[in-house]
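Written out below as structure tokens is the structure these notes cover.
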Amino acid sequence: MKLKSVYKMTGMLSLAALLFSAVCDTAYGAGGGNPSGHSNTAENAYQNSDALLEINHIARYTSGAEFDESGTEIVKYNYKNGYGYSVNGAESSLDIIDVAGQNNGEINLVKRIYLEDHGIEAGDLTSVTVHPKGKYVAVSAPAEDKTEKGKVVFLDAEGNLLNSLSVGSLPDMLTFTPDGEKLLVANEGEPSDDYQINPEGSISIVDITGNPKTLTAESVSALPFTKNMAPEDLRTVGPDAEKDYLNMEPEFISIDSDSKYAYATLQESNAVAKIDIQNKKIVEISSLGYKDHSVERNSMDISDQDGKNEMMTAPVLGLYQPDGIAAFEKNGETYILTANEGDAQDYEGYSEEARAGEIEGRVDLNAANFAGYSQKELDDMAEDGLFNDGNAGRLNITEQHSFKDGDIHNALVSFGGRSFSILKGSDLSQLYDSGNEFENIIQDEVPERFNIDFAGPDEYIQDDRSDNKGPEPESVETGKVGGKTYAFIGLERTGGIMIYDVTEPTAPEYAEYIYDETNTDISPEGIEFINPQDSPDGKARLMVANELSGTISTYSLQ
């Protein structure tokens, strides 16, 4: 395996100073620095020396699943026994793997747990989390009919059944509070494909102060999203806006260090919710607004058929629509990081998606919606081929947004921010967004991977995702290494991990971008940071579950 690491100074599009190679693949006997990148040596090109991490690939787990069968999705680590717990979508199983006992670069499977062997019917497994004391784990299991209530299943550290409880429809993610007293579950509540059944999305809070074997239905509290919670600027989703509840689909949850507040991404609604855990109440829903791609900092490549990687400003407003979320503390404030992937409601019975060129006759762009263009410039762009396939014609946009006059679109609105953001936990205001940095970094340093889409393990198409969410930042995790706080953002389509020093939350610094040059690890879905005190060797570690390749790789960080 060859691990590529790319470095450059924050905010600069030109090359920085070439420094020493600090990354190697110890699992495969790689040597030290080799700027040429040949043999089994990892290549370090350019770095931000103030934010530099030394990263060593330690070992890999291979699930055995075929390409694009979701052999590994979410992974969590148990410091008590050195095991990892991996959701295997291909097998609908929980794979228990021996992370601490890795052997010559290989992580072995300890056992594979099937819920049906415990008499539990489920359509899938979607997430796993380890109790802070390491004695047991919980997994989320949607019903075979995803619109019906799903389950949370408690297993001991060896995978033996302890208990199961009903929660909301399509439990998609779950996490324990740091104090170990509560379990929070994001019940996504997706509609049926014909959109005839559309269950409520909700948050479940499970009181787990006692033995998990004694938990009952009374241990579960359901928190729905009702209309009285909605801010005026909330994006409505779906064809029926007159429901008693909001059509929310909570995706991911992160919790502050005091176990006081939780924060949940509401991806399709382009919002974040704040939850008072002790009082079991959703206290705020904050709309994330729109990203103005008409300004230079938010430029993007909008076409997959222009034959080139070209970053440009465009008369497009982007919905941030975060998937993954993480939290860290500094000076008494909680800071929230979001990976702004983007997602649409796209079902047989209802779809909000369209190509910009398909609605050309119903577009009348208004300069009041854009900071970067005058009305004349917008009119000229429309006349000069804006809606051609080589420009914005193939850009995936939503027809459900507030920038409309009847059926006329006064702006093009796309899915996903192609970035990560930092919010203040106290008021959910945005302090920072990485703008166009992900696309610019990849375009400058590894252009062959620019907005790629994998058609197979050894085949990817450059520029193929430019018209649809670009690099797709999917997941985000934070951790402290050497006194600095880092953010690790997984790029689902482009692959690899973007790393930022977020020690100063208002002024993050780009550190490096790492990816597997051999494409053994493809499409990071879940990221787990292991603190040095919990790690098998006393060094901070990162575990990355790669969905398309069905692999998990571990890295040491110094």
Side-chain angles (χ1 to χ4, degrees), residues 4 6 8 13 45 68 291 293-294 296-324 339-344 353 355-357 388-398 412-420 433-476 489-499 510 512-517 519 521-525 546-549:
K4 272 280 207 183
V6 176
K8 65 193 277 291
L13 301 183
D68 198 16
K291 185 168 182 172
H293 291 289
S294 74
E296 184 63 37
R297 175 165 172 72
N298 296 332
S299 65
M300 63 178 184
D301 190 318
I302 58 175
S303 176
D304 63 338
Q305 293 193 3
D306 57 357
K308 53 188 174 181
N309 308 342
E310 185 173 20
M311 299 290 288
M312 63 181 70
T313 60
V316 177
L317 302 177
L319 293 158
Y320 289 92
Q321 296 186 305
D323 187 343
N340 304 320
E341 178 199 25
D343 200 6
E353 282 189 335
R355 300 278 189 181
N388 294 343
D389 284 354
N391 291 317
R394 286 182 46 79
L395 182 68
N396 266 2
I397 53 95
T398 176
L412 300 176
V413 179
S414 64
F415 300 102
R418 307 188 181 200
S419 61
F420 87 100
D433 183 74
S434 61
N436 57 15
E437 288 186 7
F438 292 169
E439 281 174 279
N440 270 329
I441 289 165
I442 295 166
Q443 179 193 29
D444 287 352
E445 308 295 357
V446 278
E448 67 274 12
R449 300 184 72 89
F450 182 83
N451 288 349
I452 59 175
D453 195 15
F454 278 90
D458 300 311
E459 180 185 359
Y460 58 80
I461 305 169
Q462 186 185 152
D463 199 30
D464 198 52
R465 296 296 293 180
S466 291
D467 62 323
N468 190 9
K469 297 181 281 187
E472 285 192 44
E474 163 93 6
S475 49
V476 60
I489 306 103
L491 304 184
E492 181 178 14
R493 294 290 179 166
T494 301
I497 307 293
M498 286 285 178
I499 305 176
Y510 168 72
E512 51 201 288
Y513 168 54
I514 61 170
Y515 68 96
D516 175 14
E517 188 181 28
N519 295 326
D521 296 325
I522 305 172
S523 187
E525 176 77 11
N546 300 282
E547 183 177 16
L548 289 183
S549 57

For Asp304, enumerate each residue passing the side chain to side chain donor-acceptor pair (under 3.5 Å) test, keeping only those at least two apart in sequence or located in another chain.
-> Arg394
Looking only at atom types and distance, does a side-chain atom of Asn436 sit under 3.5 Å from a main-chain N or O of Arg297, one as donor and one as acceptor?
-> yes
What residues form a side chain to side chain donor-acceptor pair (under 3.5 Å) with Ser549, not counting sequence neighbours?
-> Thr551
Listing, residues 453-462 side-chain donor-acceptor contacts under 3.5 Å, not counting sequence neighbours, or none:
unit_1, atom_1, unit_2, atom_2, d
Asp453, OD1, Arg493, NH1, 2.8
Gln462, OE1, Asn309, ND2, 2.9

Side chain Ser303, main chain Ala392, donor-acceptor under 3.5 Å | no
For Asp463, the side chain to side chain donor-acceptor pair (under 3.5 Å) test, sequence neighbours excluded, returns Ser466
Got a donor-acceptor contact below 3.5 angstrom from the Ser434 side chain to the Phe420 backbone?
-> yes
Set of side chain to side chain donor-acceptor pair (under 3.5 Å) partners for Asp467, sequence neighbours left out = Arg355
Non-hydrogen side-chain atoms of Met498 and Phe438 separated by less than 4.5 Å | yes
Check whether any side-chain N or O of Gln321 sits under 3.5 Å from a backbone N or O of Asp343 as a donor-acceptor pair, and report yes or no.
-> yes
Does Phe450 have any ring-ring contact (aromatic ring centres under 6.0 Å, His included) partners at least two apart in sequence or in another chain, and if so, which?
-> none
Quick one: does Lys469's side chain have a donor or acceptor within less than 3.5 Å of a partner on Gly416's backbone?
-> no
